*Asks:* 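This structure is in structure tokens; I'll ask about it shortly.
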Amino acid sequence: MIQRPRGTRDFGPEEMEVRRHFEDMMRKEAALHGFREVATPIFEHTELFTLKSGPGVVEEIYAFQDKGGREICLRPELTASVMRFFISDLTNLPRPLKLFYFGQCFRYERPQAGRYREFFQFGAEIIGSPTPETDAEAIGLAAAILERTGLRDYRIRIGHIGILREMLARAGVSGDAALPILQRLDKKEYPEAEALMAQAGMGREAIDGVIATTQVTGPITVLDGVQGPAGAYIREVYDILQAMGFSNLSVDLGVVRGLAYYTGMVFEVDAPKLGAEKQICGGGSYSLSELFGGEKVFSTGFAIGFDRTLLAIQAEGVEFVRPGITAYVVPVTDSARMRAFQVVGMLRRAGVSADVDIMRRGVGKSLRYASSINAKYAVIVGEKELESDSVTLRDMASGEQSLVRAEELPKRLKE
RNA sequence: GCCGGGAUGGGGUAGCCUGGUUAUCCUGUGGGACUGUGGAUCCCUAGACCCGCGUUCAAAUCGCGGUCUCGGCCCCA
């Protein structure tokens, strides 16, 4: 028997019903917020990702040479692809450009709970707008989607890279020199961060101030003690989100994301029930296009880990109602089979979901099957019904039956 | 890349330590009891020891290697 490749999954009919349900929900919510969907190739030139994340990422992605000798990889994320697409073809669209995507990504990593080699991301980007309103709108979509899924136990933590950058700049460490320090702080490696700051000539007081700031978490009021434009900026983002009706938000200045292209606001969402791999969403404002050869354009985006979000939803026992089918058509005798196919054809043409016995089973077995596929009604067609050009409509939940004229059936079932 | 659990019909499991006839039970699949009425009950049927090598008269059971999986570390764009 051939096994699935490591870290991949098959999805059966039941699971796909659940997945499509939430996928559609996310798409609808994005459209509701004025975002429009894009799709990009599942494989890209490896260079796209080494430009964004450094040469080291090659170790963690599915990278290979194709038959023409090109360096190709399966995409490990979608932001880079969307920005590539934007630079090459979408720069003349009216701004702000609000895009979303849903698709699978691949990473060559050790699988564990909530981590697969093939996984699905939903994400959105707002391109060409550098305002707090933009950041609020991005966080707002992420928050609205999570709210809509029915998930309850999660935390949205908002931070700002500028706050630490300003502190470091005031202490004489600016630009690229700050990057390694931010990376250490992001990983909570405080001794290493302190050493780097001391090396850069920062005083004890300044160092302690920076460390203390990364540990600032809680409601918006924790920003009261933070000076500078970045703090004011986050307050503004927060006020806008509150105006839109989102309250499940907290500030966490320890969200740093030590990557060069993040320019300001950054945020993360995690679902504590998930264990080690509990982050379900991450994003922020960034400037990537110039890395890929375009002009500098400010953007804000985020990505939701679709699989982890579903795991969190399941862990909380959020209910999902299986769609089932409206009608199951049951021919009683062999002579009624043609009639059954006429009826099922008529129903389907009218937009009523309908199925029909194709195993030549008896009425008892067919009703049993109708019940097992969660059919709302059984439509029974036999000699009696043939004579009066009608069918017997049986409500599968109550067991009530009535004789219905065939031409009235679609109308009855659409109610 | 590292550490530790695990893999038995479609799903869930017993058996493994202490090797020995036809591999347990539940559920699900197909058929029947019930040739015009489901969810209950009963009967029948089909269906499994992850792969390879080794030890042994004999391996689901013991040993080695591999694959996959679960939990954690590293990483997490």
Side-chain angles (χ1 to χ4, degrees), chain A residues 1-10 12-15 44 46 48-61 73 75-83 105-117 119 121 123 183 186-187 189 256-262 266 268 270 274-284 286 288 291 301-303 305 308 311 328 330-336 340 357 359-386 391-401 403:
Chain A
M1 198 176 56
I2 311 290
Q3 286 181 318
R4 241 177 293 137
R6 183 172 170 79
T8 63
R9 292 156 297 161
D10 296 311
E14 299 216 345
E15 210 169 350
E44 293 272 7
T46 305
L48 180 66
F49 301 101
T50 52
L51 277 176
K52 176 172 183 255
S53 309
V57 285
V58 176
E59 297 305 311
E60 276 138 29
I61 64 184
C73 70
R75 63 185 181 195
E77 50 125 350
L78 279 156
T79 299
S81 298
V82 171
M83 290 313 293
C105 302
F106 305 83
R107 293 186 188 177
Y108 195 85
E109 295 180 300
R110 177 84 160 79
Q112 57 180 287
R115 177 189 283 185
Y116 310 97
R117 288 186 168 185
F119 60 99
Q121 276 194 345
Q183 281 163 3
D186 183 38
K187 291 177 188 172
E189 294 170 358
V256 179
R257 315 214 124 195
L259 285 152
Y261 53 81
Y262 281 107
V266 286
E268 292 180 350
D270 44 46
L274 289 184
E277 302 292 320
K278 65 181 192 304
Q279 190 182 327
I280 57 175
C281 176
Y286 60 87
L288 263 180
L291 266 183
F302 68 86
R308 287 184 192 176
L311 287 173
Y328 188 75
V330 180
V332 176
T333 57
D334 285 338
S335 57
D357 171 54
M359 284 182 74
R360 304 187 176 182
R361 279 196 276 226
V363 176
K365 277 285 156 64
S366 281
L367 287 176
R368 203 166 119 97
Y369 179 73
S371 175
S372 76
I373 60 171
N374 205 10
K376 201 153 183 271
Y377 296 97
V379 175
I380 300 164
V381 187
E383 300 302 327
K384 277 188 322 208
E385 289 82 1
L386 280 175
V391 299
T392 296
L393 184 62
R394 178 182 180 84
D395 184 311
M396 291 301 286
S398 67
E400 283 171 28
Q401 293 191 176
L403 204 61

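Note that the coordinates shown come from a computational prediction; the quantities given were computed from them, not determined experimentally. Each chain gets a letter, A, B and so on, in the order the sequences are listed, and its residues count up from 1. We use all heavy atoms of the structure for the numbers below, so side chains are in, but hydrogens, waters and symmetry mates are not.
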*Asks:* Starting at CG of A:Leu311, measure out to CD1 of A:Ile280 and round the result to the nearest 0.5 Å.
*Replies:*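 Here the rounded value is 10.5 Å.
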*Asks:* Which nucleotide in the set B:C2, B:C68, B:C74 lies at the smallest distance from any side-chain heavy atom of A:Arg110?
*Replies:* B:C2
*Asks:* Touch check for A:Arg361, heavy atoms < 4.0 angstrom, all strands: base, sugar-phosphate only, or nothing?
*Replies:* sugar-phosphate
*Asks:* Rounded to whole angstroms, how far apart are CG on A:Leu311 and C1' on B:U69?
*Replies:* 15 Å
*Asks:* Pairing check on B:A7: which nucleotide meets the Watson-Crick or G-U wobble criteria with it, both distances under 3.5 Å?
*Replies:* B:U67
*Asks:* I need the A:Leu48 CG to A:Met83 CE distance, nearest 0.5 Å.
*Replies:*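 Between atom CG of A:Leu48 and atom CE of A:Met83 there are 10.5 Å.
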*Asks:* Distance check needed: B:C76 C1' versus A:Asp270 CG, whole Å only.
*Replies:*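 Spelled out: CG on A:Asp270 to C1' on B:C76 is 13 Å.
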*Asks:* Nearest whole angstrom, please: distance from the P of B:C76 to the CD of A:Glu59.
*Replies:* 13 Å
*Asks:* What is the distance from OH of A:Tyr116 to P of B:C70, rounded to the nearest Å?
*Replies:* 6 Å
*Asks:* Is A:Ser372 reaching over with its side chain to a backbone N or O of A:Tyr369, donor-acceptor style, under 3.5 angstrom?
*Replies:*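 The answer is yes, because a donor-acceptor pair under 3.5 Å joins these two groups.
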*Asks:* Work out how far the C1' atom of B:G9 is from that of B:C50, and round it to whole angstrom.
*Replies:*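 The answer is 14 Å between these two C1' atoms.
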*Asks:* Can you tell me the base-pairing partner of B:G47? Count Watson-Crick or G-U wobble geometry only, both distances below 3.5 Å, and say none if there is no partner.
*Replies:*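 Here B:G47 is not engaged in any pair, so there is no nucleotide opposite it.
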*Asks:* With respect to the side chain of A:Arg6, which nucleotide from B:G30, B:A77, B:C68 is positioned closest?
*Replies:* B:C68
*Asks:* Looking at A:Phe106, I'd like to know if the NZ or CZ of A:Arg117 sits under 6.0 Å from its six-membered ring centre while staying within 45 degrees of the ring's axis.
*Replies:*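 No; the conditions do not both hold, so A:Arg117 does not lie above the ring face of A:Phe106.
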*Asks:* Treating A:Arg308 as the side-chain partner and A:Gly114 as the backbone partner, does any N or O pair qualify as donor plus acceptor under 3.5 Å?
*Replies:*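 Checking the backbone N and O of A:Gly114 against the side chain of A:Arg308, a donor-acceptor pair under 3.5 Å is found.
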*Asks:* Would you kindly compare A:Pro5 and A:Lys52 by the position of their nearest RNA chain B nucleotide and give the one closer to the 5′ end?
*Replies:*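 By nearest-heavy-atom nucleotide position, the 5'-most residue is A:Pro5.
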*Asks:* What integer distance in Å separates A:Arg115:CZ from B:C68:C1'?
*Replies:*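 So the two atoms are 18 Å apart, to the nearest Å.
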*Asks:* Taking atom C1' in both B:U56 and B:C64, compute the distance separating them and give it to the nearest angstrom.
*Replies:*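 So the two C1' atoms sit 16 Å from each other.
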*Asks:* Does any N or O donor sit under 3.5 Å from an N or O acceptor when you compare the side chain of A:Arg107 with the base of B:C76?
*Replies:* no
*Asks:* Write down the distance separating the P atoms in B:U61 and B:G72, rounded off to the nearest Å.
*Replies:* 30 Å
*Asks:* Quickly work out the A:Arg117 CZ to B:U69 P distance and round it to whole Å.
*Replies:* 8 Å
*Asks:* May I ask which nucleotide in the shown strands pairs with B:C16, Watson-Crick or G-U wobble, both distances under 3.5 Å?
*Replies:*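 Check on B:C16: unpaired, no WC or wobble geometry under 3.5 Å.
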*Asks:* Using the P atom as the point on both nucleotides, what is the distance between B:G15 and B:A7, in whole Å?
*Replies:*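 Pairwise P distance, B:A7 against B:G15, rounds to 11 Å.
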*Asks:* Which listed nucleotide (B:G31, B:C75, B:G72) is nearest to the side chain of A:Glu277?
*Replies:*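 From the listed options, B:C75 comes nearest.
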*Asks:* Determine the interatomic distance between P on B:G12 and the same-named atom on B:U22; round to the nearest Å.
*Replies:* 28 Å
*Asks:* Do A:Lys52 and A:Glu77 meet the salt-bridge criterion of a basic N to acidic O distance under 4.0 Å?
*Replies:* yes
*Asks:* Is A:Lys278 touching bases, backbone alone, or none of the nucleic acid, heavy atoms closer than 4.0 Å?
*Replies:* nothing
*Asks:* Taking atom P in both B:A59 and B:A23, compute the distance separating them and give it to the nearest angstrom.
*Replies:* 15 Å
*Asks:* B:C75 C1' sits how many Å from A:Phe106 CZ, rounded?
*Replies:*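 Atom CZ in A:Phe106 sits about 20 Å away from atom C1' in B:C75.
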*Asks:* What interatomic distance, in whole Å, is found between P of B:A48 and the corresponding atom of B:G39?
*Replies:*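 Their P atoms lie roughly 29 Å apart.
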*Asks:* Between atom CE in A:Met359 and atom P in B:U29, what is the gap in whole Å?
*Replies:* 11 Å
*Asks:* If a protein heavy atom is under 4.0 Å from the base, mark B; if only from the sugar-phosphate, S; if neither, -; do that for nucleotides 34-44 of chain B going 5' to 3'.
*Replies:* --BBBB-----
*Asks:* For A:Phe119 and A:Arg107, which heavy atoms make the closest approach, and how far apart are they?
*Replies:*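 Scanning both residues completely, I find the closest heavy atoms to be CZ-NE, 3.5 Å.
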*Asks:* Using atom C1' in both nucleotides, what's the gap between B:C76 and B:G1 to the nearest angstrom?
*Replies:* 15 Å
*Asks:* Would you find a donor on one side and an acceptor on the other, under 3.5 Å apart, between the side chain of A:Arg394 and the backbone of A:Val379?
*Replies:* no
*Asks:* Atom CZ in A:Phe49, atom CD in A:Glu60: separation rounded to 0.5 Å?
*Replies:*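 These two atoms lie 14.0 Å from each other.
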